[in-house]
Amino acid sequence: MSETGGPGGRGKRRTHLLIIGAVAIIAGVLSILLLNPSAPESVCAERGAPTSGFMDAEKNCAITMESFEAILEAESRPRWGNIAGSVLILGGVVTGLLGLRRRKLPNPPAA
């Protein structure tokens with residue numbers, strides 16, 4: 001019988017679906033963890049220069065408007081690593097569930 005048509009082929013197909021699902025889930029988790037760029041580092045304002053009104057707690061100084069705008073823009077843009085990772089995880093779960101699904105075998109004809 002064909003690879004997916006016979007009883008032996010179903011096991012291979014299920015195994016392949018489970019492996020593809022597991023790889024997609026792992027790739028999704030890695031995408032979420034590794035593909036997100038960090039926000040730019042804040043720049044301290046010089047004395048007497050205009051500031052954003054926000055302080056950098058680590059450097060203990062007021063930050064410039066340009067630095068604040070760059071940080072705000074980085075925080076508000078879409079995080080493509082999270083989006084791609086979520087899609088991969090969802091696809092991996094669906095693929096894995098399809099691999100775990102058991103099909104009812106057709107009844108053999110009566111003799």
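Small disclaimer: the values here were computed from a predicted structure and weren't measured. Counting from 1, the numbers follow the sequence of the chain as shown.
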Asker: Do Ser86 side-chain atoms and Asn82 backbone N/O form a donor-acceptor pair below 3.5 Å?
Answerer: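 Yes; judged by distance alone, with no hydrogens or angles, the pair exists.
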Asker: Given side-chain contact (heavy atoms from CB on, under 4.5 Å), test Ile32 with Ile89 step by step and report yes or no.
Answerer: CA-CA 10 Å; Ile32 289 174; Ile89 290 172; 3.9 Å; yes
Asker: How many angstroms lie between atom CZ of Arg79 and atom CG of Leu35, to the nearest 0.5 angstrom?
Answerer: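 Arg79 CZ to Leu35 CG: 13.0 Å, rounded to 0.5 Å.
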Asker: Hey, mind stepping through Ser42 and Ile71 against side-chain contact (heavy atoms from CB on, under 4.5 Å) and telling me if it holds?
Answerer: CA-CA 7 Å; Ser42 62; Ile71 292 169; 3.9 Å; yes
Asker: Do you know the tightest heavy-atom contact between Ala24 and Gly92?
Answerer: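 That closest heavy-atom pairing would be CB-CA, 3.7 Å.
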Asker: Return the CZ to NE2 distance between Arg13 and His16, rounded to the nearest 0.5 Å.
Answerer: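 The CZ atom of Arg13 sits 11.5 Å away from the NE2 atom of His16.
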Asker: What are the two closest heavy atoms between Ile83 and Pro78, and how far apart are they?
Answerer: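 Taking Ile83 first and Pro78 second, the nearest heavy atoms are CD1-CB, 4.4 Å.
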Asker: What closest approach, in Å, do Ala84 and Ser31 show between heavy atoms, and which atom pair accounts for it?
Answerer: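 Ala84 and Ser31 have their closest heavy atoms at CB-OG, 4.0 Å.
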Asker: Any chance you could measure Met65, atom CE, to Phe54, atom CZ, to the nearest 0.5 Å?
Answerer: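 With rounding to 0.5 Å, CE (Met65) is 9.0 Å from CZ (Phe54).
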Asker: Would a 4.5 Å heavy-atom cut-off, applied to side chains only, mark Ile25 and Leu88 as touching?
Answerer: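 No; the side chains remain at least 4.5 Å from each other.
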Asker: Measure the shortest side-chain to side-chain distance between Thr51 and Ile63 over non-hydrogen atoms and say whether it is less than 4.5 angstrom.
Answerer: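 Answer no - side chains too far apart.
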Asker: Less than 4.5 Å apart, side chain to side chain, heavy atoms only: is that true for Lys59 and Glu41?
Answerer: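 In contact.
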Asker: Rounded to the nearest 0.5 Å, what's the gap from OG1 on Thr95 to CG on Leu90? Could you check?
Answerer: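 Reported value, rounded in 0.5 Å steps: 9.0 Å.
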Asker: Short question: side chain of Ser67, backbone of Val43 - any donor-acceptor pair under 3.5 Å?
Answerer: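 Pair found, side chain donor or acceptor close to backbone of Val43.
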